[in-house]
S.K.: 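Sharing a structure with you now.
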Amino acid sequence: MAGSNEVKQNESKRVVPLNTWVLISNFKLAYNLLRRPDGTFNRDLAEFLERKVNANTIPVDGVFSFDYVDRATGLLNRVYQPAPENEAQWGIVELEKPLSSTEIVPVIIFFHGGSFTHSSANSAIYDTFCRRLVSVCKAVVVSVNYRRSPEYRYPCAYDDGWAALKWVKSRTWLQSGKDSKVHVYLAGDSSGGNIAHHVAVRAAEADVEVLGNILLHPMFGGQKRTESEKRLDSKYFVTIQDRDWYWRAYLPEGEDRDHPACNIFGPRGRNLAELKFPKSLVVVAGFDLVQDWQLAYVEGLQKAGHEVKLLYLKQATIGFYFLPNNDHFYCLMEEIKNFVNPNC
Amino acid sequence: MVPYDSDGLAGSAPSSSSSITKPPQIDGLLAGAGYKVPSSELRHVAQRLERLETAMLNSASHQLSLLASDAVLYNPSDLSTWVDSLLSELNQSQPLPSLPSDLSDLVPNSTALDSSWGMEHSLSQQQNQNISQHQQNQLMVVTALEEDSAIRLVHMLMTCAESVQRGELALAASLIENMQGLLTRVNTGCGIGKVAGYFINALSRRIFAPAGSISGVGSCYTYENELLYHHYYEACPYLKFAHFTANQAILEAFEGHDCVHVVDFNLMHGLQWPALIQALALRPGGPPLLRLTGIGPPSSDGRDSLREIGLRLADLARSVNVRFAFRGVAAARLEDVKPWMLQVNPKEAVAVNSIMQLHKLLASDPTRNPAIDIVLNWIRNLNLKIMTAVEQEADHNQSGFLDRFTEALYYYSTMFDSLEACAHHPEKVLAEMYIQREICNVVSCEGSARVERHEPLAKWRTRLTGAGFRPLHLGSNAFKQASMLLTLFSSEGYSVEENEGCLTLGWHSRPLIAASAWQAVPDVEPALGVIDNNGVVL
């Protein structure tokens with residue numbers, strides 16, 4: 001039905017800047033090529049197409065980065081830090097002394113999006129985003145290169161997230177403040193938001209302190225079709241069909257979308273009421289077809305007695321934060337900055 | 001809310017002069033996402049994307065599958081060309097041949113030969129000359145800095161290098177002593193401890209050896225070095241990747257030619273060529289006449305090793321019915337080779353193959369023309385069909401010693417880590433010695449003795465385009481083949497990446513080797529001068 005699809009395409013074009021439209025449409029079409037109907041994924045072509053950037057110990061725009069590979073797990077974490085004030089120290093990576101012994105420096109563990117299947121910590125879009133996070137929040141960001149589906153299904157991404165959290169917590173050089181501890185926040189967009197939630201649950205169960213969760217249009221779902229899914233299907237870059245594919249690729253084979261990894265407060269969801277769960281900032285894009293599930297998540301957290309702030313960006317599509325060319329981007333950055341600010 | 005104007009232009013402010021020769025301004029925000037789209041073309045690219053979406057929706061799913069698995073795609077950073085190439089693939093009505101996925105004999109034949117459509121190069125689009133800051137500076141993968149002593153060792157190495165740069169040799173010497181002491185407390189069997197040992201050794205040579213006496217390390221041309229090279233080839237995938245990728249490109253370039261001539265800038269044991277000979281043998285329509293000119297050092301022990309290798313390759317060629325002729329050119333240095341020695345026939349298609357040799361031409365002698373320029377110039381004039389160049393992806397030719405040292409420390413640490421993770425090879429320590437010699441050369445040699453003058457891809461791009469070459473993009477088929485090669489030979493940490501038409505092989509996220517292919521831009525007399533608004537010829 002080419003005609004109605006063209007109408008749908010034009011809608012998204014009207015609400016995002018042209019270069020954003022080009023960027024996200026390109027992803028959409030490339031991803032269409034990569035997902036095979038039989039549930040397998042063309043990983044070679046995906047890696048060929050992925051735009052990656054190197055880490056750089058020399059600061060660029062006030063931020064430097066380096067990659068750390070955990071020998072035991074093979075997991076790669078990319079660490080982003082504000083540039084040292086003293087230029088003589090540029091290029092040297094400090095792996096002994098804490099970030100500060102007086103001030104609190106938040107460490108944001110970031111899980112990139114990609115519906116559990118696409119992207120990496122060194123993808124250009126995420127490298128750029130993490131650098132902006134460092135600049136705005138004056139925080140350290142650790143971006144986790146978790147294993148992806150369909151090659152690695154649930155719970156691998158969560159296991160990797162948990163390993164990353166433990167790794168971060170145990171680095172003396174990420175400690176700050178007079179209490180000499182690592183002040184950790186978990187953050188992620190799309191599937192990364194989903195991972196952040198589950199890692200936070202595990203942390204709460206293990207009494208590992210996480211100061212807050214930042215979920216940027218997190219990837220949640222469920223068996224039933226919600227109103228937003230039906231209304232927004234195909235209109236703003238995302239289709240129900242592709243969401244279904246990604247869940248089938250991530251969840252254990254044979255499972256449906258009411259699996260607790262996917263449907264947090266659904267019939268098989270875990271009761272979070274007694275857990276010491278961190279405060280959450282949940283960002284929902286008004287043109288995201290998954291929003292009903294995200295709003296249900298917010299409601300579920302509230303009912304369980306946990307602190308949650310909802311930032312609903314009515315005119316935003318998914319991926320609005322990739323390019324800083326719209327109000328939503330700046331609004332988001334401001335909210336995140338306030339959220340991790342130790343003085344709040 | 002009104003969407004902002006999609007601005008964020010990169011490039012300089014517009015000037016009053018004619019814009020004919022200026023590179024187009026690219027959208028700065030998309031550049032940050034890894035895509036080069038001129039701002040003026042955004043709308044056009046958007047339209048093409050819409051058309052592509054419609055075309056994809058109207059295609060049968062098997063057509064899309066074929067597109068994804070069989071189409072050879074190039075340079076995804078150039079979004080405009082990429083979208084157009086997908087559109088033209090979809091518009092072709094005939095079904096595409098399917099590729100055999102069996103790689104058991106590791107011959108890079110099928111994919112190259114079954115691509116029944118020509119390569120789409122992004123011609124005439126001037127390469128964006130702005131070298132991204134990201135690529136110019138120091139890259140680092142921290143893999144094993146767990147031990148406190150190891151961290152301290154690294155800091156001391158840097159301090160020592162800094163004192164060397166400042167000429168404070170007494171201080172440097174005492175630091176060497178301290179470090180040697182620290183080494184006893186560190187695990188030198190692996191990780192940073194092992195690498196630190198090599199760097200301390202290299203620094204010692206620099207500090208304690210009398211000026212001008214360090215030469216043996218720089219001269220690679222000994223039987224011993226060939227042995228080490230062989231083990232380096234076996235123990236890790238870097239050379240195999242280089243050979244494999246270059247052969248793929250050469251094979252494609254030779255399509256349709258009956259007389260072909262490969263000039264190998266460093267024959268060594270000729271390990272690269274059996275695969276190419278076999279691939280040419282299996283070419284539909286039959287193999288061409290293949291000439292191979294192998295350049296190498298004069299043999300020091302009376303053997304004619306070039307000829308021996310040539311004979312072995314000739315035997316192989318004979319066994320697969322490929323008409324083959326070999327010629328050895330003995331030269332102590334690459335710059336001593338003159339084009340007439342290669343005896344290129346005007347009717348043949350020539351491929352120049354340089355695996356980690358070009359950087360050796362970068363030592364500049366102020367009294368003469370730079371060797372690199374001389375060599376690149378005669379390569380261009382050789383009736384060149386393709387030049388394959390593989391280089392270390394590192395900035396080891398920086399003028400400041402400390403910068404060079406730091407870069408090398410990070411680079412070789414990563415390389416050693418990757419080696420460690422490889423399947424056990426009986427003589428792995430010999431492969432390490434090969435690498436150690438490179439380290440020594442980078443750190444302890446200077447002037448013409450320092451031949452390991454590695455430069456990163458971005459710099460080579462500038463140099464080669466400035467010298468009259470243009471890139472031949474390596475595509476998704478080469479990428480896929482390289483990825484498969486890795487799974488056959490090595491451990492999980494290796495990664496192949498596509499970088500604007502070139503392929504890099506690296507360890508985790510750090511590229512270590514970059515492979516690229518080039519052709520010569522034909523000399524064209526400018527028909528029109530470029531004149532600015534004042535009538536001045538620019």
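Order of the sequence lines sets the chain letters (A, B, ...), proteins ahead of strands, with each chain counted from 1.
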S.K.: Hey, which of B:L79, B:V45, B:V496 has the most heavy atom pairs under 4.5 Å with chain A?
M.R.: B:L79
S.K.: Within the supplied structure, the quantity of interest is the number of heavy atoms (other residues, nucleotides, ligands) at a distance under 6.0 Å from A:Q241 CD; does it exceed 12?
M.R.: no
S.K.: So which atom in B:E500 and which in A:R51 form the shortest heavy-atom distance, rounded to 0.1 Å?
M.R.: N-NH1, 4.2 Å
S.K.: Answer whether the closest heavy-atom distance between the side chains of B:P511 and A:N54 falls below 4.5 Å.
M.R.: yes
S.K.: Restricting to non-hydrogen atoms, name the atom on B:G34 and the atom on A:A124 that form the minimum distance, rounded to 0.1 Å.
M.R.: N-CB, 3.9 Å
S.K.: Report which part of A:L29 has an atom under 4.5 Å of a heavy atom belonging to chain B: side chain, backbone, both, or neither.
M.R.: both
S.K.: If you count heavy-atom pairs under 4.5 Å with chain A, which of B:A33, B:S65, B:G506 comes out on top?
M.R.: B:A33
S.K.: Kindly compute the distance separating CG (B:L29) from CG (A:L23), expressed to the nearest 0.5 Å.
M.R.: 9.5 Å
S.K.: Which answer fits A:R78, side chain, backbone, both or neither, if we ask what part of it has an atom under 4.5 Å from a heavy atom of chain B?
M.R.: side chain
S.K.: Show your reasoning for whether side-chain contact (heavy atoms from CB on, under 4.5 Å) applies to A:W21 and B:L49.
M.R.: CA-CA 10 Å; A:W21 191 89; B:L49 278 167; 4.0 Å; yes
S.K.: Going by side-chain hydrogen bond (donor to acceptor under 3.5 Å, both in side chains), name the residues that satisfy it together with B:E497, two or more places apart in sequence or in a different chain.
M.R.: none
S.K.: In Å and rounded to the nearest 0.5 Å, what is the CG to CZ distance from A:L76 to B:R510?
M.R.: 13.5 Å
S.K.: Can you tell me which of B:L73, B:L503, B:V37 forms the most heavy-atom pairs within a distance under 4.5 Å of chain A?
M.R.: B:L73
S.K.: Distance check, rounded to the nearest 0.5 Å: B:T414 atom OG1 versus A:D67 atom CG?
M.R.: 9.5 Å
S.K.: Does anything in residues 30-41 of chain A pair up under salt bridge (charged side-chain N to carboxylate O under 4.0 Å, His left out), and if so which pairs, sequence neighbours excluded?
M.R.: none
S.K.: Please state whether the side chain, the backbone, both or neither of B:L86 comes within less than 4.5 Å of a heavy atom of chain A.
M.R.: side chain
S.K.: For B:K480 and A:L45: C-alpha separation, side-chain torsions, deciding distance, then whether side-chain contact (heavy atoms from CB on, under 4.5 Å) applies.
M.R.: CA-CA 7 Å; B:K480 187 156 82 168; A:L45 185 56; over 6 Å; no
S.K.: Give me the atom names and distance for the closest heavy-atom approach of A:N26 to B:W82.
M.R.: OD1-CZ3, 3.2 Å
S.K.: Between CG of A:L323 and CG of B:L30, what distance do you get to the nearest 0.5 Å?
M.R.: 6.0 Å
S.K.: Do B:E498 and A:K52 meet the salt-bridge criterion of a basic N to acidic O distance under 4.0 Å?
M.R.: no
S.K.: Taking all non-hydrogen atoms of both residues, which atom of A:N42 and which atom of B:A68 are closest, and how far apart?
M.R.: ND2-O, 3.4 Å
S.K.: By a 4.5 Å heavy-atom criterion (distance strictly below it), what part of A:F320 contacts chain B: side chain, backbone, both, or neither?
M.R.: neither
S.K.: Do other residues, nucleotides or ligands put more than 12 heavy atoms under 6.0 Å from the CG atom of A:D61?
M.R.: no
S.K.: How far does OG1 of A:T57 sit from OH of B:Y410, to the nearest 0.5 angstrom?
M.R.: 5.5 Å
S.K.: Could you measure the distance from the CE atom of B:M158 to the CD1 atom of A:I92? Nearest 0.5 Å is fine.
M.R.: 5.0 Å
S.K.: Please report the C-alpha distance between B:Y35 and A:V22 in whole Å, then the side-chain angles of each, then the deciding distance to 0.1 Å, and finally whether the side-chain contact (heavy atoms from CB on, under 4.5 Å) criterion is met.
M.R.: CA-CA 10 Å; B:Y35 297 100; A:V22 165; over 6 Å; no
S.K.: Would you mind checking which part of A:N122 comes under 4.5 Å of any heavy atom in chain B, side chain (CB onward), backbone (N, CA, C, O), both or neither?
M.R.: side chain
